[in-house]
Structures are given as structure tokens and as C-alpha cells.
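Only this structure's heavy atoms are used, side chains among them; waters, hydrogens and symmetry mates stay out.
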Amino acid sequence: MRWLKWLLALPLAAVVVFNAYIYGSILTYRAVAPHSTAFMQMRMGQLAAEKPDVELDYRWVPYEQISVNLKKALIASEDANFAEHGGFDWAGIRLAMKKNQRAGQVRAGGSTISQQLAKNLFLNESRSYVRKAEEAAITAMLEATTDKDRIFALYLNVIEWGYGIYGAEAASQHYFKRSAAQLSPQQAAQLAARVPRPLFYADNPKNRSWRGKANVILRRMGSATLPEGD
């Protein structure tokens, strides 16, 4: 029976070790830029088979060197209450759960910027309640240990913007041939509109829904509330 107890304890031990690793990494990322992320590694592994010519373009830049226009555009697009909430948009989560129940599967996530960052740093794009639970635990650790400016800086620097394109600087250079610090309001809105479906929009550059969403974001940017310090 002892072997059975050990067998049952192994999954719990694995969860504890994994979360201890994540907690230590989060503390490190408060001062050090990630070398890469779990999402980058997963995506580049996929592309190695599907599009072997794609190379990783990930360029870290300090928070202060990213245009306020892009910061406002992403707040307006992805998480209007980012500056105020503790990592979770409960109204958005309830709405997503209702949508998932109607669909009979996990489609909507109601994810905040903090939750998206948790997924990008440590998880993958699978949709399940187990993964959402781990995402929630990581989000709580991020919010408990890291200030909003740093969370936003990490997010801006690691999210996907196209095939092999990660972070504001790489995206700005790729799409507009200029630095992230120089983005105009219109350019920032166009980049923010790509975030939910970056590969789809990369394949469909004239997509009307993308352009329409960019215009909506542009109108909302004036009321976007940034974290204290901006």
C-alpha cells in the first residue's frame, strides 16, 4: 500500500514543484527580462514543422521606451480595468462562463492582461478548466509580487504579434519600420487590434474586422486608464 500512497502523492508533488519554479521565476522577472516564454517555445516548435523559414524576433525594450499610445490602445482593447483590478475581471469571467455553457466547450476566457501574461510566460494555448485554474494561480502570484507597471512591461514585451514576432519593439519594426517609442495613435490601435488573432491577421492583412476593431480602439484610447507612473 505504501507504493500506492507514493503514486497518489506524485501529482501533488509535481504541482508544488511547478508552482515553486513559477514563483521563483516571477520574482526574477521583476528585475530581469525573460530569455523566452513557454508560449514562444511552443509556437516556434509548431512553426518549425509548418513554416521552417520563420525566425524568432523577440526584442526587449524598457517600459519607458514604449509609446503611451500603444499602452492606451492595449488597455482599451484588452483590459479596460487593468489599473484597478487585482488580476481578475469577475464580470468578464461570468460572461465568459455563460458563453462556454451555451457552447458546451471552453471558447471564451474573459482574460485580463495579467492572466494573458501568466499564460504567455508559463503555459500554452490549450483551453481547459485545469489550465485556467493554473493560470489563475499564476495570476494571483503575479499580482501579489509585481507592480502593475512591471506586469504591463512584461506583457508588452512578450505577447505574440505575428509569425515569430514577439513584443512591441519587434512588432513596431515589422509592421511600421519604426521603434515602439514612435508609434502614432493610429499605428498603436492597429497593433492592438491584432492581439487576439495575430496569425490570422498576418495571413489576412486586408481583413475588414481587424480594421474596424482598430477604429473602435482608436476612439476608446482617450478614456484608457494607465497604471500609476504613466
Cut-off 3.5 Å, no hydrogens considered: what does the side-chain donor-acceptor table look like for residues 183-191, sequence neighbours left out?
{"unit_1": "Ser184", "atom_1": "OG", "unit_2": "Gln187", "atom_2": "N", "d": "3.2"}
{"unit_1": "Ser184", "atom_1": "OG", "unit_2": "Gln187", "atom_2": "OE1", "d": "3.4"}
{"unit_1": "Gln187", "atom_1": "OE1", "unit_2": "Arg178", "atom_2": "NH1", "d": "3.4"}
{"unit_1": "Gln187", "atom_1": "OE1", "unit_2": "Ser184", "atom_2": "N", "d": "3.1"}

*Between Phe82 and Lys71, is there a cation-pi geometry (under 6.0 Å to ring centre, at most 45° from the normal)?*
no
_Can you tell me how far apart CD1 (Ile66) and CD (Gln182) are? Round to the nearest 0.5 Å._
13.5 Å
*Ignoring hydrogens and angles, tell me if any N or O in the side chain of Arg30 forms a donor-acceptor pair with the backbone of Asp147 under 3.5 Å.*
no
*asked:* Could you measure the distance from the CD atom of Glu135 to the OG1 atom of Thr112? Nearest 0.5 Å is fine.
replied: 7.5 Å
*Rounded to the nearest 0.5 Å, how far does NE2 of His35 lie from OH of Tyr29?*
10.0 Å
*Under the 6.0 Å and 45° cation-pi test, does Arg43 pair with Tyr166?*
no
_Counting C-beta onward and ignoring hydrogens, is there a side-chain heavy-atom pair between Trp210 and Asn204 closer than 4.5 Å?_
no
*Considering non-hydrogen atoms only, spot the tightest contact between Tyr58 and Pro34 and give its length.*
OH-O, 2.7 Å
*Please examine the side chains of Thr145 and Tyr23, heavy atoms only from C-beta on, and report whether any two atoms are closer than 4.5 Å.*
yes
_Is it the case that atom CZ in Phe200 sees more than 12 heavy atoms from other parts of the structure closer than 6.0 Å?_
yes
_If I take atom CG from residue Leu142 and atom CD1 from residue Ile22, how far apart are they, to the nearest 0.5 angstrom?_
9.5 Å
*Minimal non-hydrogen separation, Ala76 against Ala224, with atom names*: N-CB, 4.3 Å
*Could I get the full list of side-chain contact (heavy atoms from CB on, under 4.5 Å) partners for Arg219, not counting sequence neighbours?*
Asn215, Val216
_Using the rule that Ile, Leu, Val, Met, Phe, Trp and Tyr join whenever any side-chain heavy atoms are under 4.5 Å apart, tell me whether Tyr201 and Leu218 fall into a single cluster._
no
*Classify the side-chain pair Ser36/Gln41 by whether it contains a donor and acceptor separated by less than 3.5 Å.*
yes
*Can you check side chain to side chain contact (heavy atoms under 4.5 Å, CB included) on Trp161 and His174, steps first, answer last?*
CA-CA 10 Å; Trp161 254 300; His174 179 81; over 6 Å; no
*asked:* Before you tell me yes or no, could you show the steps for Leu121 and Ile138 under side chain to side chain contact (heavy atoms under 4.5 Å, CB included), namely the whole-Å CA-CA distance, both residues' side-chain angles and the distance that decides it to 0.1 Å?
replied: CA-CA 10 Å; Leu121 286 175; Ile138 297 170; over 6 Å; no
*Any chain of hydrophobic side-chain contacts (each under 4.5 Å) joining Leu156 to Met221?*
no
*Hey, mind stepping through Ser77 and Arg220 against side chain to side chain contact (heavy atoms under 4.5 Å, CB included) and telling me if it holds?*
CA-CA 8 Å; Ser77 173; Arg220 292 177 178 174; over 6 Å; no
_Minimum heavy-atom distance between Pro196 and Pro198, given as atom pair plus value_ = C-CD, 3.6 Å
_Donor-acceptor check, side chain of Thr139 to backbone of Gly87, threshold 3.5 angstrom: yes or no?_
no
*asked:* According to side-chain contact (heavy atoms from CB on, under 4.5 Å), who are the partners of Glu84, at least two apart in sequence or on a separate chain?
replied: Asn81, Thr225
*Apply side-chain contact (heavy atoms from CB on, under 4.5 Å) to Val54 and list each qualifying residue two or more places apart in sequence or on a separate chain.*
Met44, Leu47, Lys51, Tyr163
*Atom OH of Tyr175: over 12 foreign heavy atoms under 6.0 Å*: yes
_Close side-chain approach of His85 to Lys148, heavy-atom, < 4.5 Å_ = yes
*Check the pair Ile75, Phe152 against side chain to side chain contact (heavy atoms under 4.5 Å, CB included), reporting the backbone distance first and the verdict last.*
CA-CA 10 Å; Ile75 293 292; Phe152 203 17; 3.9 Å; yes
*Looking at Ala31 and Arg150, what are the two nearest heavy atoms and their distance?*
C-NH2, 3.6 Å
*Cluster question for you: counting only ILVMFWY and a side-chain heavy-atom cut-off of under 4.5 Å, with indirect links fine, are Trp60 and Leu27 together?*
yes
*Is there a side-chain contact between Ser111 and Lys132 (heavy atoms, below 4.5 Å)?*
yes
*Taking Arg194 for its side chain and Gly162 for its backbone only, find out whether a donor-acceptor pair lies under 3.5 Å.*
no
_With rounding to the nearest 0.5 angstrom, report the CE to CG distance, Met42 to Asn120._
9.0 Å
_Student check: side-chain heavy atoms of Asn19 and Glu134 closer than 4.5 Å_ = yes
*Say whether Tyr155 and Ile217 are linked into one hydrophobic cluster, either directly or through other cluster members, by side-chain heavy-atom distances under 4.5 angstrom.*
no
_Non-neighbouring partners of Ser209 that pass side chain to side chain donor-acceptor pair (under 3.5 Å), sequence neighbours left out_ = Asn207
_Distance, nearest 0.5 Å, that separates CG of Leu117 from CG of Leu123_ = 10.5 Å
*So do the side chains of Gln115 and Asp79 get within less than 4.5 Å of each other, counting heavy atoms only?*
no
_Residues that Pro62 engages under side-chain contact (heavy atoms from CB on, under 4.5 Å), provided they are two or more places apart_ = Glu64, Gln65
